[in-house]
S.K.: 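Got a structure here, written out as structure tokens. Questions coming.
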Amino acid sequence: MSFTPFYGVVSSAFHRGKGVISLLLFLFFHTCPMMAQKDSVHVIPEVTVTAMPLPHLSNTAVPLQTFNAANLAAMNVLQLSDVVKQFAGVTVKDYGGIGGLKTVSIRGLGPTHTAVSYDGQLMGDAQNGEIDLSKLSLDHVKEISLANGDNEDPLESARAFAAAGLLSVVTMRPHLDSLQRYQAEATMQTGSFGWIHPSWWMANRWSHHLSTTLYLESQYANGQYPFSIHNGDSIQHLRRTNSDVHLFHGEANVFYVPDSLHQLTAKVYASGGARGLPGAVIFYNPYSAQGQRLYDNDYFLQTRFTSILSKKSEYAVSAKAEDAITRYVDPYFLNSSGGLDNRYRQQEYDLSGSFAQRFNQQWQLSLASDVVFNHLSANLYHFAQPSRFSSYSSLKGRYANSWFHAEAALLSTFVSDRVALGNDSPHHSRLSPMVSVSANPFQRLHWQWRAFYKETFRMPTFNELYYTGIGNTRLKPETAQQWNVGTSYWTSGSAGYLSFSIDGYYNRVINKIVAVPSGNLFIWSMLNLGLVSIHGVDITLRGETRVADGIHVTMEGSYTYQSALDKSNAQNSTYNQQIAYTPENSGAATTGLLMPWINMSYTLLFSGYRYDLSHSLLPGYSDSSLALWRKFSWHHSSLIVKGELLNLWNEQYAIVKNYPMPGRSWRVSVGIEF
Amino acid sequence: MNQKNVLYFVSALFVALFFTSCTKEDPTLSTKSVTPGAQSVYVLNQGSMNQNNSTLTMYNFADSVATTDWFTSQNGVGLGDTGNDMAIYGGKIYIVMNVSSYVEVTDLKGKALKQIPLFNGTVARQPREIAFYKNKAYVCSFDSSVVRIDTTTLAVDDITKAGSNPDGICVANGKLYVSNSGGLNYPNYANTVSVIDISTFTQTKTITVITNPFTLKSGDDGKIYLLSRGNYGSIAGALQQIDPTTDAVTTTYPNSAAVDFALNGTKLYYCNFDYSIMASSVKVLNLITNTATDFITDGTTIPLASGITVDAATGNVYVASSASDYVSNGTVYCFAPTGKKLFSFTAGVNPWKMIFIR
């Protein structure tokens, strides 16, 4: 397999006397530990990857967890959110079903502190401040990674650096050359609850410099799954209704590489969908799930240009424009106009530039700047119609020698809101620091120690500030502080590899924004009332071994301990208690058996008890799944057949109280690559 | 995310809406004789919206023990979502469940006798409050309906229509009075009370009152007392008195914003939570002199007053309080008529309505 030319950037240097491991931090296809280079910036022409892909969590100065395409193929997961659940330190709040809201919180900080990037550019949602992972497709995803602190890319945008944690989703790039000018894949999936998911992916190489991909998919499910729920001492057997999903998603990507020093990529994205909102299960009300629907349309255009100026400097510029329309309908809302029909439109424009300069083998400086404009309009009574201008600028300095790495960064943020009606929120101007150090003190051993401190903040969302009757324009930003100490070790050889990492952390969320009845019982409002203190430990373990010719066993495991305590108000009964929907113990494990005739894998997710919003206990759960798949190849084509049993033991559980998860279900897919 | 948000905010509005209370006793049954002492007090806890955690707490006077979820311990299943009203009639307890949309009928021990679902086809009526008159129960619901339930067969036998989002009901002078809150029409709340002739079971007129009326109670003096919430802005909430012989508002009490009130003879007790100073207050209004004074005399502070009831046998005043975070278990405080605290006990989430089992 070979690639079009691409660039690698050295960012860490751990191997005394053996050169420097190059991490290909952007536009990479696989992590290739054998590509040792001394230059800070270098051009790698066509590269052939033959080594067993090694997860690069072991190589980084900050905790970075990654699943590549091979890992993803071996996972028995329905959706991208199911992959994210396997990372250590992550809590996915999943309202169940295909169309249900899924948000990701890293290390107890809350979903609004996690940024999500899609092919290098951030997904924005100024209205809610959190990204619904159910929007992202898992097909043709090449890599999903989760970085705490900093992702080490010298050309990282200032806006991405501004978040406490970054979930990155990178899609497939064409693997084409002059002999193979196109590549296509058609897949059809079907499964329980009326799941039908056809998709089409095509990559074309138009010239030595230009290639494109096109991806189209549609998803349909009636989503009507049976579930059991406890009511007192009895168990009720019910069926989820009004949970159908109709989604379409299409995107086209252009990759223009005029020479080995420049690259231009562009993406056009469109998605649209309609889904029923089943809501919470309400006892004795068989019709609580009806009528409520959500329609959304999302369009964006993003482009990025990178240029290598010399062996010591490089820069990138990117731009994005997005228009997202959401409509919420509830025909049974008992108002005099005969129902609710709320419409929201969000627009976002993002312009970003970054520059990295290396002074010598040890010292490097990066500068990045983003300007972002957001606007929200809605048909709500007396709605503020807010606009927001944000500017982010970051300055990072790095020092790296053969066994030690240190980085200090400072982010400057300025945010200014304008509203058409009512009061603006005051301007906010902040400086946010980060420092990290890592060391690899033992020669020859891939045993690394690391520590970082990062302070970030997130702006109150448009809803929190301006939602009619509820918003509070005097809100202050919510601050997140992270301290992390960890170590990682990996070893590899002809028999396979093994990697292990453990990180301990202490986080604080200050001025946490919480909803409380305020001004009057009828008017709930947002206040900076919360303080959360989080101690935790993340452990990851990965390995792969060859047990016989062509037979491999893989394993991936993660475990998280989190003590996330509410320190807001000593008068509250929840004071010093674990915050809602955050388990103390959770983890995931996948083991795979890869054989020439069939591949199989088993995945287990588990979570200890949690508290719901009323501080009553929700029991722990475990969810296992099994997959069998095989790829049949002939000439230049192949056929991939995969069958999965999800929630194998039909465990009846809910992550969010009264939003039951599906029980046992199946899925099969057939794909043709040519 | 939008989905969650929209739901969240709608839910928030709902949750807030549910902080109303009302005790309505059938004037035809009320006696002026001595009320026997209570064996226990039941507290209806609303719970949190969409959590199915509405509970019935039983506090036993004999051993001073409160059982937080008495209903589940008696019946093996929970009450469901958002209990909004509770009353005793004819030796049975009627519990009005708003989001679960039914009326639970139990015996005096809290053992379930019957569930009366309240749906218009497949649309939940969202019942709010209940009143009784001559072996019939009348339940007003957010969908504008007032249903009549036969208290012998425990079946709905007729339905009529009131105004926008009814949120309170009582019987006086042989007529039904239903408050039309318009609470789901923010910011355009309603401001009327429907008068429904009981014999024809049709609305005969409406009375204009202060915006967003909810709790209605008939007093021993034959008058109706009404609490309005106002619009949370330019119009303040207030207590009002309606004369059921003329169907006119006769008095609007100044500075009487409240979350709940209770009547005992010539005294009207009302409680409030003032967000500008983040403090609860309990006041007693003398209905003869129309003067209000602070009720609590021993310095007891109530975190978040939400409901108030008087035990007619002792004159003791019970004040229910939500926890300060609204999501954990609340507390009920009992005060002697002198305003001194006698005892308190833990109830469920957002305690609210209280009845005495005698």
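For clarity, every value in this text was computed on a predicted model and none was experimentally measured.
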S.K.: Can you tell me which portion of Y381(A) sits under 4.5 Å from chain B's heavy atoms? Options are side chain, backbone, both or neither.
M.R.: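 Side chain only.
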S.K.: Return yes if some donor-acceptor pair links the side-chain N/O of T211(B) with the main-chain N/O of G230(B) below 3.5 Å, else return no.
M.R.: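 Checking the backbone N and O of G230(B) against the side chain of T211(B), no donor-acceptor pair under 3.5 Å is found.
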S.K.: Do you know which of H615(A), K102(A), Q290(A), Q236(A) has the most heavy-atom pairs with chain B at a distance under 4.5 angstrom?
M.R.: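 If we count pairs closer than 4.5 Å to chain B, Q290(A) comes out on top.
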S.K.: Name the member of D233(A), L334(A), N335(A), L613(A) that forms the most heavy-atom pairs with chain B at distances under 4.5 Å.
M.R.: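 Max contact count across the listed options: L334(A).
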S.K.: Please enumerate all residues that pass ring pair (Phe, Tyr, Trp, His ring centres under 6.0 Å) together with H230(A), with sequence neighbours excluded.
M.R.: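 None.
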S.K.: Just to verify, what does S228(B) make a side-chain contact (heavy atoms from CB on, under 4.5 Å) with, not counting sequence neighbours?
M.R.: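 So S228(B) forms a side-chain contact (heavy atoms from CB on, under 4.5 Å) with V209(B), I210(B), P213(B), L226(B), Q240(B).
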S.K.: With a 4.5 angstrom heavy-atom cut-off, is it the side chain or the backbone of D143(B) that approaches chain A, or both, or neither?
M.R.: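 Interface part for D143(B): both.
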S.K.: With a 4.0 Å cut-off, would you call K353(B) and D85(B) a salt bridge?
M.R.: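 D85(B) and K353(B): salt-bridged.
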S.K.: Is it the side chain or the backbone of D612(A) that comes within 4.5 Å of chain B heavy atoms, both, or neither?
M.R.: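 The side chain, not the backbone.
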S.K.: Using side-chain contact (heavy atoms from CB on, under 4.5 Å) as the criterion, list what pairs up with N188(B), not counting sequence neighbours.
M.R.: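 With neighbours one apart ignored, the set is empty.
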S.K.: Between chain A and each of A323(B), P187(B), S328(B), G80(B), count heavy-atom pairs under 4.5 Å; write down the option with the most.
M.R.: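 So the answer, after comparing A323(B), P187(B), S328(B), G80(B), is P187(B).
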S.K.: Name the option with the most non-hydrogen atom pairs under 4.5 Å to chain B; the candidates are S134(A), S288(A), A280(A).
M.R.: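 When all of S134(A), S288(A), A280(A) are compared, A280(A) has the most.
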S.K.: I need the single residue from L79(B), T57(B), T55(B) that forms a side-chain contact (heavy atoms from CB on, under 4.5 Å) with L44(B). Which is it?
M.R.: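 Of L79(B), T57(B), T55(B), side-chain contact (heavy atoms from CB on, under 4.5 Å) with L44(B) is met by L79(B) alone.
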S.K.: Side chain from CB out, backbone as N, CA, C, O: work out which of these in T461(A) comes under 4.5 Å of a heavy atom of chain B, or both, or neither.
M.R.: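 The answer is neither part of T461(A).
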S.K.: Got a salt bridge between D244(A) and R293(A), using NZ or NE/NH1/NH2 to carboxylate O under 4.0 Å?
M.R.: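 Salt bridge: yes.
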S.K.: Roughly how far, to the nearest 0.5 Å, is the CD1 atom of I513(A) from the CE atom of M526(A)?
M.R.: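 Spacing of CE (M526(A)) from CD1 (I513(A)) equals 8.5 Å.
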S.K.: So for N658(A), is it side chain, backbone, both, or neither that comes closer than 4.5 Å to the heavy atoms of chain B?
M.R.: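 Only the side chain of N658(A) comes within 4.5 Å of chain B.
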S.K.: What part of A124(B) gets within 4.5 angstrom of chain A, counting heavy atoms only: side chain, backbone, both, or neither?
M.R.: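 Both backbone and side chain of A124(B) come within 4.5 Å of chain A.
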S.K.: In this structure, is the centre-to-centre distance between the rings of Y659(A) and Y95(A) below 6.0 Å?
M.R.: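 Ring centroids of Y95(A) and Y659(A) are less than 6.0 Å from each other.
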S.K.: What about Y466(A) and F383(A), are their ring centers closer than 6.0 Å?
M.R.: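 Ring centres of F383(A) and Y466(A) not closer than 6.0 Å.
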S.K.: Chain A contacts: which residues in residues 69-76 of chain B have a non-hydrogen atom closer than 4.5 Å to it?
M.R.: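 Residues in range: T72(B), G76(B).
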S.K.: Could you tell me whether K135(A) and D296(A) have a side-chain N and a carboxylate O separated by less than 4.0 Å?
M.R.: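 No, this pair does not count.
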S.K.: Looking at chain B, which one of S616(A), G291(A), P286(A), S336(A) has the largest number of heavy-atom pairs inside 4.5 Å, strictly under?
M.R.: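 Among S616(A), G291(A), P286(A), S336(A), the one with the most close pairs to chain B is S336(A).
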